[in-house]
Amino acid sequence: MNKLIVTGAILLQLVQPVLAQQKTDPQEINEKMQWFADAKLGIFIHWGIYAVNGIDESWSFHNRKISHADYMKQLKGFTAKNYDPQAWADLIKESGARYAVITTKHHDGVALWDTKFGKLDVAKATPAKRDLLTPFFAAIRKNGIKAGAYYSLLDWTNNNYPGFLKDSSRYDIKKDPARWQNFLDFNNGQMTEIATRFNPDLWWFDGDWERSADEWKATDVRKMLLSHNPKTIINGRLTGYGDYDTPEQNFPVVRPNFHWWELCMTINNNWGYQPQDTNWKTPYEVITIFADAISNGGNMLLDIGPKEDGTIPPQQVNVLKELGKWNKKHEAAIFSTIGGLPQGHFYGPTTMSKDSSAIYLFLAGKVSGQVMIKGLDNKIQSIKVVGNGTSLTHKIVGKISWSPVPGLVYIPVPENVQDEYMTVLEVKLDKAAKLYRGKGGLN
Ligand code: H79
């Protein structure tokens with residue numbers, strides 16, 4: 001084989017899982033991660049008492065924008081009175097998402113279920129007066145969607161947790177290890193409740209950065225969660241003892257070199273409901289960001305922030321519905337695909353079928369004229385507009401008979417086949433993609 005030609009299968013092998021502490025058998029972990037790799041889109045839900053005033057979740061008191069006492073007064077205003085978990089699950093289904101992750105407890109320590117550990121939960125301390133998670137997990141699963149639990153390891157309200165306000169500490173855990181152990185027992189108790197009652201398909205930890213893996217006893221936490229459900233997936237924020245990486249609000253430019261990753265992102269500028277924040281991402285922006293994530297082999301976890309009463313603001317509903325329309329039309333190019341061509345072959349996002357014999361080209365904006373693929377050393381069997389079925393022609397340009405360098409593939413895209421957001425083309429190849437990655441000429 002010419003060393004400058006690589007096949008799709010080889011490209012895949014070059015991607016290394018890098019979450020360093022992973023000791024699981026690679027075959028086993030691949031099987032466990034399969035649904036996540038195929039899922040592509042998740043919906044993140046930040047729901048908590050911070051929606052009452054519409055202020056930053058937990059950070060507002062931590063950063064001294066509001067006193068802790070005033071922050072906690074929001075407990076009295078959290079009603080969940082129009083909460084319709086089935087409507088939430090139906091909207092999430094309509095968005096095309098294959099998984100959903102809900103805040104069971106944020107850094108403020110307010111649990112969304114009736115925990116036996118401590119007094120701070122929505123059943124005991126708010127007018128909502130009930131466990132809000134059981135009906136959520138049930139509705140999500142009824143709709144065939146995987147259900148994940150966000151859980152903040154740190155808890156700035158708990159008196160046995162050292163951190164509280166910015167630049168302050170309650171105590172030094174080295175001087176009082178028993179008090180720290182007390183906190184760990186509390187966390188373990190809550191996590192065991194979540195594991196037993198909701199059996200999450202995925203654990204989304206947050207707030208690990210304040211303590212080390214040793215202090216969190218991260219290996220024990222991992223072991224404990226897997227003993228409840230060996231198939232549960234854990235995000236990387238268990239101080240590295242998770243299964244996948246989680247860039248937050250920051251878009252990778254080069255393809256991340258970890259095997260599984262997920263971009264979590266707000267729908268405006270904030271995680272929770274904040275009425276003054278009207279900086280909504282448009283459906284076009286969300287769709288193009290999503291295409292970019294899956295092109296680079298990742299998922300997107302798109303956040304929504306319901307109001308305290310459980311209603312989802314109409315702008316959020318609109319984005320999820322528009323995204324859902326586009327997902328439905330382009331399903332074949334998105335779900336159960338793998339990351340696409342390495343950069344340089346096509347100026348735009350791409351994905352591939354698992355055997356890499358089909359390449360999907362995502363065309364941002366309105367295209368007028370031709371798009372082009374470089375370095376593709378295959379015969380093209382057909383080109384179709386996804387979700388529309390129109391066949392397109394192509395022309396090979398600049399192929400030199402004696403050279404191993406493939407010609408350029410030019411594809412004219414008529415205006416009348418174009419999607420309102422992002423048109424997708426399916427390029428079917430004779431066999432697995434073979435890519436020329438050289439510098440031109442013979443070397
Ligand atoms: O729940 C949402 C946010 O509230 C929470 N994660 C999402 C999903 C979150 N927000 N910020 N962060 C997590 C990370 C915060 C990082 C920082 Fe820092 C805190 C930057 C500066 C202070 C950690 C500590 C990094 C440097 C110091």
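For ligands, and for the atoms within them, numbers begin at 1 and follow the listed sequence. For clarity, every value in this text was computed on a predicted model and none was experimentally measured.
- In terms of polar-atom proximity, Asp206 is counted as a contact of ligand 1, with an N or O under 3.5 Å from an N or O of the ligand.
- Of the protein's non-hydrogen atoms, the one nearest atom 19 (C) of ligand 1 is Trp59 CH2, 3.6 Å.
- Taking the six-membered ring for Trp, Trp88 and Tyr83 have ring centres closer than 6.0 Å.
- When Phe164, Tyr71, Trp209 are each tested for a ring pair (Phe, Tyr, Trp, His ring centres under 6.0 Å) with His107, only one passes: Trp209.
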Open item on the list: Checking Asn30 against Gln34 for the side chain to side chain donor-acceptor pair (under 3.5 Å) test, could you report, in this order, the C-alpha distance in whole Å, the side-chain angles of both residues, the deciding distance, and whether it holds?
Closed with: CA-CA 6 Å; Asn30 271 314; Gln34 197 56 58; over 6 Å; no
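- Taking distance alone, with nitrogen or oxygen atoms compared against 3.5 Å, Trp204 stays at or beyond that limit from ligand 1.
- You'll find the ring centres of Trp216 and Tyr241 outside the 6.0 Å limit.
- Within 4.0 Å of atom 23 (C) of ligand 1, at least one protein heavy atom is present.
- When ring centroids are compared, Tyr50 and Trp59 stay outside the 6.0 Å threshold.
- With ligand atoms numbered from 1 in the order given, ligand 1 contributes 1 (O), 2 (C), 3 (C), 4 (O) to contacts under 4.0 Å with heavy atoms of His106.
- Checked options Tyr273, Trp271, Trp204; the residue passing with His46 is Trp271 (criterion: ring pair (Phe, Tyr, Trp, His ring centres under 6.0 Å)).
- Here is the list of ligand 1 atoms found below 4.0 Å of a heavy atom in His46: 1 (O), 2 (C), 8 (C).
- Applying the ring-ring contact (aromatic ring centres under 6.0 Å, His included) test to residues at least two apart or on different chains, the pairs with a partner in residues 302-345 are Trp326-His330.
- When distances from atom 5 (C) of ligand 1 to the protein are checked, a heavy atom turns up under 4.0 Å.
- Residue contact check for ligand 1: Glu210 places no non-hydrogen atom closer than 4.0 Å to it.
- Looking only at protein heavy atoms, the nearest one to atom 7 (C) of ligand 1 is Glu248 OE2, 3.2 Å.
- Of the candidates Tyr50, Tyr150, Trp209, it is Trp209 that places a heavy atom closest to atom 13 (C) of ligand 1.
- For residues 115-145, every residue pair satisfying the ring-ring contact (aromatic ring centres under 6.0 Å, His included) rule, not counting sequence neighbours, is listed here: Phe137-Phe198.
- Protein heavy atoms come within 4.0 Å of atom 9 (C) of ligand 1.
- Distance remark: protein heavy atom present below 4.0 angstrom from atom 2 (C) of ligand 1.
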